[in-house]
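Notes for the one structure printed next.
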Amino acid sequence: MTFLKMPNYDIFIEEDGLSHLAKHIKEVYQFDDLFVITDQNVFDLYNEKLIQALIGYKLSFVILPPGEKSKSLDTYHQAIQTLIEKGIKRNHLILAFGGGVIGDLAGFIASTLYRGISYIQIPTTLLAQVDSSIGGKVGIDLKEGKNLIGSFYDPKFVFIDPSFLKTLSKREYNNGLAEMIKAGLIGDKKLYSYLLEHDKVTVTEITEAIQVKRNVVLIDPYDKKERMYLNFGHTFGHAIEKKHHYETYLHGEAISYGMLIALQIGIQIGETKEELYQEVKKLLLDRELVKEPLLEMDEYRDEIIHDKKNLADGLHFIIVTKPGDVKTHKLKELDIL
Ligand SMILES: NC(=O)c1ccc[n+]([C@@H]2O[C@H](COP(=O)([O-])OP(=O)(O)OC[C@H]3O[C@@H](n4cnc5c(N)ncnc54)[C@H](O)[C@@H]3O)[C@@H](O)[C@H]2O)c1
């Protein structure tokens with residue numbers, strides 16, 4: 001088992017580790033009632049395994065429809081009503097069992113119900129294992145935009161078992177690979193080199209990707225400054241997701257186009273080499289994260305310029321100079337007009 005320490009919680013990473021979950025829960029929680037928030041897909045695939053791993057506990061399930069639409073105020077309210085009906089008390093424990101949608105929503109419920117209940121993250125998608133379950137950001141979407149309501153709320157621990165990834169569709173798997181490629185590019189040359197050659201990851205690479213995020217989060221827990229490095233490719237990625245109403249492209253696909261645009265800007269300002277752009281482009285094409293013809297910055301100017309908040313004093317843009325090395329560049333409105 002691999003084990004990483006955050007200031008307030010541990011991250012356990014173990015292939016086929018589900019049989020050890022009960023032991024970890026015992027270390028942080030003294031009661032028998034567990035409240036599992038999950039989605040229908042994860043429930044159908046894994047409820048028996050979870051029940052088996054947690055024999056002796058009394059499990060209550062809140063099962064939500066899969067997909068981003070569940071990260072809403074309505075679902076938040078309905079899930080809380082169900083939890084209360086099922087008898088949740090302030091000193092009980094919530095298990096966020098699913099992808100990033102469940103992790104963000106269940107974490108936000110935990111941070112607000114009764115002014116805060118303990119919870120643990122059991123991420124079941126690659127994206128959730130390497131990204132959304134780490135760093136304590138939880139929240140929900142509004143119709144006005146994504147992640148507009150939320151908080152920073154640490155779990156008791158994060159429990160990562162890569163064997164959950166065996167049932168992920170190739171598209172969802174690759175969606176997580178995109179965040180790992182980003183992690184390699186911004187902070188781990190060795191991870192990036194591995195991902196150039198392999199389309200499957202193991203505990204080792206999942207741990208390396210988490211380490212990149214962890215290092216940044218430790219310096220900047222409340223997203224004031226250094227966490228912005230994690231946003232490599234995200235300025236354009238978010239614009240792409242928004243323009244297509246979060247439907248056409250998965251997050252990893254949108255940021256893949258975004259990373260290529262960011263590398264092109266790096267070339268324009270003399271910080272990034274053309275060879276790196278070509279190498280990353282080939283990798284993202286091979287992993288079916290982008291398709292030719294590539295999406296161009298021109299098509300998304302309105303979405304970016306519309307975000308006046310970002311442009312008020314220039315956009316702090318992340319440039320990769322070479323794999324593992326980043327710097328910020330202040331992109332002025334003129335640069336993208
Ligand atoms: N909090 C953060 O720091 C942070 C960071 C990045 C992303 N996010 C959020 O994460 C969300 C996206 O997460 P996601 O990509 O995991 O999406 P998701 O939770 O919607 O999961 C994707 C799909 O995979 C299914 N699934 C989950 N586990 C499975 C498994 N083991 N086998 C088969 N199918 C499985 C789900 O039912 C769903 O249909 C977004 O809402 C995003 O805003 C949060």
Side-chain angles (χ1 to χ4, degrees), residues 4-11 25 28-29 34-39 62 64 67-84 88-125 127-160 179 210 213-231 234 237-238 241-242 246 251 307 309-310:
L4 297 173
K5 249 191 150 10
M6 297 298 282
N8 303 321
Y9 61 96
D10 296 330
I11 304 165
I25 291 177
V28 299
Y29 183 64
L34 296 173
F35 293 81
V36 184
I37 303 182
T38 189
D39 75 23
V62 179
L64 303 171
E68 187 70 29
K69 287 203 168 64
S70 281
K71 246 176 80 174
S72 66
L73 263 180
D74 282 350
T75 315
Y76 166 80
H77 187 201
Q78 284 157 16
I80 284 182
Q81 283 177 323
T82 311
L83 287 166
I84 292 172
I88 194 164
K89 301 285 179 294
R90 198 173 173 202
N91 48 8
H92 281 150
L93 183 71
I94 289 176
L95 276 55
F97 185 45
V101 164
I102 291 298
D104 280 10
L105 172 74
F108 186 60
I109 289 173
S111 87
T112 46
L113 180 59
Y114 306 139
R115 296 200 178 82
I117 294 189
S118 298
Y119 80 115
I120 60 175
Q121 288 273 16
I122 310 174
T124 61
T125 62
L127 183 127
Q129 296 192 345
V130 298
D131 191 357
S132 61
S133 67
I134 313 295
K137 274 193 194 177
V138 294
I140 53 174
D141 306 331
L142 294 182
K143 69 174 178 359
E144 290 78 5
K146 248 173 82 79
N147 299 319
L148 290 191
I149 300 184
S151 61
F152 290 91
Y153 194 63
D154 285 338
K156 285 285 170 197
F157 63 83
V158 182
F159 179 85
I160 295 173
E179 284 291 354
I210 293 172
K213 182 158 186 184
R214 176 180 175 270
N215 292 342
V216 177
V217 169
L218 287 180
I219 307 169
D220 181 17
Y222 296 110
D223 201 0
K224 300 281 186 217
K225 195 165 172 238
E226 284 81 358
R227 262 207 207 198
M228 79 168 76
Y229 293 134
L230 300 170
N231 281 340
H234 282 56
H238 287 152
E241 285 182 290
K242 194 168 176 195
Y246 302 94
H251 179 68
D307 198 349
K309 181 167 59 88
N310 277 340

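- Put simply, the side chain of K69 does not reach to within 4.5 Å of the side chain of V101, judged on heavy atoms.
- Looking at K146 and E68, a side-chain N of the basic residue comes within less than 4.0 Å of a carboxylate O on the acidic one, giving a salt bridge.
- Note that CG of L113 and CD1 of I84 are 5.5 Å apart. Values are rounded to the nearest 0.5 Å.
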### Task
Under the side-chain contact (heavy atoms from CB on, under 4.5 Å) rule, what do I122 and T38 come out as? Steps first, then yes or no, please.
CA-CA 10 Å; I122 310 174; T38 189; over 6 Å; no
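- Of the possible donor and acceptor atoms, one in the side chain of Q129 sits under 3.5 Å from a partner among the backbone N and O of P123.
- Of all heavy-atom pairs between I102 and F97, the closest is CG2-N, 3.6 Å.
- Nearest heavy-atom pair across Q121 and G103 is OE1-CA, 3.4 Å.
- Looking at D220, its side chain does come within 3.5 Å of a backbone N or O of K225 through a donor-acceptor pair.
- Partners of K5 under the salt bridge (charged side-chain N to carboxylate O under 4.0 Å, His left out) rule, at least two apart in sequence or in another chain, are D10.
- Minimum heavy-atom separation, S70 to T75: O-CB, 3.2 Å.
- Residues passing the side chain to side chain donor-acceptor pair (under 3.5 Å) test with S111, sequence neighbours excluded: S151.
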### side-chain contact (heavy atoms from CB on, under 4.5 Å) between Y114 and I88, intermediate numbers included
CA-CA 10 Å; Y114 306 139; I88 194 164; 3.9 Å; yes
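- Between K213 and D131 the shortest side-chain heavy-atom distance falls below 4.5 Å.
- Looking at H238, its side chain does come within 3.5 Å of a backbone N or O of H234 through a donor-acceptor pair.
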### Task
Check the pair D104 / D141 against side-chain contact (heavy atoms from CB on, under 4.5 Å), numbers first and verdict last.
CA-CA 10 Å; D104 280 10; D141 306 331; over 6 Å; no
### Query
When you look at H251 and L127, which way does the side-chain contact (heavy atoms from CB on, under 4.5 Å) test go after all the steps?
CA-CA 9 Å; H251 179 68; L127 183 127; 4.1 Å; yes
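- Distance NZ/K143 to CG/L73: 10.0 Å, rounded to 0.5 Å.
- M6 and I11 make their closest contact through CG-CD1, 3.8 Å (heavy atoms, listed as atom of the first residue, atom of the second, distance).
- Separation of atoms CG (L4) and CD1 (I134) is listed at 8.0 Å; rounding is to 0.5 Å.
- Between the side chain of S133 and the backbone N or O of A128 there is at least one donor-acceptor pair closer than 3.5 Å.
- Side-chain atoms of F152 and D223, non-hydrogen and from C-beta on, do get closer than 4.5 Å to each other.
- Annotation for T124 and G99: closest pair OG1-N, 3.5 Å, computed over non-hydrogen atoms.
- In this structure, I210 and V158 have side chains that are not in contact, with every pair of non-hydrogen atoms separated by 4.5 Å or more.
- Interatomic distance, T82 OG1 to H77 NE2, rounded to the nearest 0.5 Å: 9.5 Å.
- Of all heavy-atom pairs spanning K89 and I117, the tightest one is O-CD1, 3.9 Å.
- With a 4.5 Å cut-off on side-chain heavy atoms, F35 and H92 count as touching.
- Formation of a donor-acceptor pair under 3.5 Å by the R227 side chain with backbone atoms of Y222 is not found in this model.
- K137 NZ to D154 CG: the interatomic distance, rounded to the nearest 0.5 Å, is 13.0 Å.
- Counting heavy atoms from C-beta on, the side chains of Y119 and V138 come closer than 4.5 Å.
- Atom-to-atom distance recorded for L105:CG and I140:CD1 is 7.0 Å, nearest 0.5 angstrom.
- Using a 4.5 Å heavy-atom threshold, the side chains of F108 and I149 count as touching.
- For the pair I25/L34, a side-chain contact is recorded, criterion being any heavy-atom separation below 4.5 Å from C-beta on.
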